[in-house]
Amino acid sequence: MAEKLVVVGQGRAGLPLAMRAVEAGFRVVGVDVDEWRVKRLNAGEPCAGDVGEADLAAAHASGRYRASADYADAAGFDVCVVTLPVPLRDGAPDLGFLRSAAERLAPLVRPGVTVVLESTTYPGTTEEFLRPLLEAGSGLRAGEDFHLGHSPRRAEPGSRRWRLGNTPKVVSGVDSASLTKVGDFYGRLVRDTVPVSSPRVAELCALLESAFTHVNMALVNELSVFAGRLGVDVGEAVEAAGTKPFGHAVFTPTPDVDGACLPLDPSYVPWAVTRGTGRTFRLVEVANDVNRHMADHVVARLGLALNRRCRSIRGSRVFLLGLSPMEVAKALCRMGARVRAAEPDADDLLLPAGVELAEPTGGELARADAVVVLSGDDRFDYDRVQRTARFVLDTRGRCRGANVERL
Ligand SMILES: NC(=O)c1ccc[n+]([C@@H]2O[C@H](COP(=O)([O-])OP(=O)(O)OC[C@H]3O[C@@H](n4cnc5c(N)ncnc54)[C@H](O)[C@@H]3O)[C@@H](O)[C@H]2O)c1
């Protein structure tokens with residue numbers, strides 16, 4: 001019989017993993033405490049991650065996938081992957097989700113099984129927090145009786161190019177047998193695995209990737225705020241710099257810090273550094289400050305652009321392509337704009353008061369006084385936006401033309 005995989009958490013990280021594992025031949029139970037989500041998934045309605053109806057239908061058709069809100073259905077697993085958030089609350093990581101899952105999983109841990117944490121979290125979480133909970137609840141020892149490791153998730157939301165299967169996966173274990181088991185498991189799901197020497201390295205790797213994105217985003221974001229005053233098109237400079245074949249990575253200005261593959265609150269990294277060393281991670285804190293203010297900058301740029309067209313934000317029809325960051329929609333509504341928005345993942349979102357969802361049809365786009373491109377999602381037709389909209393403020397560098405202003 002196929003090996004049994006339990007994926008704890010059927011959100012943006014857990015659901016795509018579950019789908020990929022079904023494809024790879026595992027029997028998968030996706031455990032999630034959210035009964036609404038479980039019901040939808042079992043009815044074939046995807047509600048998280050880059051998982052479409054066809055993916056979920058194929059998983060159900062295989063007879064090897066189901067979601068459950070009951071941890072009893074996790075019993076008898078061979079491999080369990082935990083994909084729960086460890087959010088920052090009041091400046092410190094909230095390990096509540098992880099604790100509750102670990103306490104319920106521990107009695108189900110049997111000799112020989114493998115448990116992997118995928119959550120983005122501070123270095124030490126797998127070994128100092130998860131391990132003792134699993135050992136206490138099972139009466140078994142990690143590394144001796146069962147295998148334990150960490151493997152950070154990497155995702156480019158909305159990307160057609162980078163999927164779980166072709167994105168190299170960093171793997172680790174609390175001992176060499178665990179590393180082998182964790183590596184073998186992911187070796188069945190992804191093309192390349194990258195073994196590292198300990199879960200701490202894997203955890204820090206995820207924080208480094210997140211900080212790298214955050215700092216580089218802040219660099220181009222701040223540059224874009226000044227570039228207009230310098231009379232330079234920052235987008236063109238970013239593109240030109242991107243032709244450097246070494247020592248450079250391309251980042252484009254964006255207010256969408258959350259959607260830009262940052263899997264965690266940017267303040268997490270400074271918190272982890274301060275906890276471990278007593279020092280402050282100034283660079284990331286400054287980046288955080290710059291990025292937080294980008295939504296205000298977008299609204300200010302839109303105000304200026306409308307002003308040049310003898311219009312004000314109040315009363316203007318603004319169509320948002322994408323809703324992240326929500327601060328843009330909220331500020332526009334507060335200022336009296338009539339805001340409509342297209343958001344492919346709207347199911348997951350709490351809409352700000354005053355925002356109506358709509359499809360980005362030619363008519364919708366043409367009716368708007370301004371279209372603001374907040375998302376770089378490949379599911380949108382950016383050519384149509386450029387062709388039909390009267391004015392486009394593009395924060396993602398997806399449109400070009402006389403009617404387009406880029407951030
Ligand atoms: N989303 C991404 O693309 C991405 C990228 C890199 C890293 N990560 C990391 O993956 C982890 C999960 O993030 P996510 O985006 O999938 O979160 P999410 O909020 O989309 O999903 C989390 C799911 O866990 C469920 N849950 C909460 N407590 C539970 C419990 N005790 N038992 C079972 N289910 C429970 C929730 O109902 C929810 O469905 C985070 O640590 C995040 O930093 C995510």
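Residue numbers run from 1 in the order of the sequence given. Counting starts at 1 for both ligands and their atoms, following the listed order. As a basis for the values below, the full set of heavy atoms in this structure was taken, side chains included, without hydrogen atoms, waters or symmetry mates.
In terms of polar-atom proximity, defined here as any N/O pair under 3.5 Å, T83 makes no such contact with ligand 1. For ligand 1, the polar-atom distance check finds no N/O of R154 at less than 3.5 Å from any of the ligand's N/O atoms. Inclusion of A13 in the set of residues having an N or O under 3.5 Å from an N or O of ligand 1 is warranted. Ligand 1 has no N or O atom lying under 3.5 Å from any N or O atom of R104, backbone or side chain.
Looking only at atom types and distance, the side chain of K169 has a donor-acceptor partner in the side chain of S151 under 3.5 Å away.
Panel note: side chain S119, backbone L84; a donor-acceptor pair is recorded below 3.5 Å. Side chain of E359 to backbone of A342: no donor-acceptor contact under 3.5 angstrom is found. Using a distance-only test at 3.5 Å, with no hydrogens or angles considered, a donor-acceptor pair links the side chain of D32 to the main chain of Q10.
For the pair E405 and D394, the minimum side-chain heavy-atom distance is 4.5 Å or more. Taking the side chain as every heavy atom from C-beta outward, R340 and R317 never approach each other to under 4.5 Å. Proximity of V82 to L105: side-chain heavy atoms (C-beta onward) are separated by under 4.5 Å at one or more points.
Every atom of ligand 1 with a heavy atom of V8 under 4.0 Å away is listed here by number and element: 32 (N), 33 (C). The contact set between ligand 1 and R37, taken as ligand atoms under 4.0 Å from a residue heavy atom, comprises 38 (C), 39 (O). The distance from ligand 1 to the heavy atoms of D34 drops below 4.0 Å at these ligand atoms: 37 (O). Shown in contact with Y71 at under 4.0 Å from a heavy atom are these atoms of ligand 1, numbered in order with element: 30 (C), 31 (N), 32 (N), 33 (C).
Nearest to atom 11 (C) of ligand 1 by heavy-atom distance, out of L84, L41, L98, is L84. Which of S100, A155, S119, G30 comes nearest to atom 31 (N) of ligand 1 through a heavy atom is settled by distance: it is S100.
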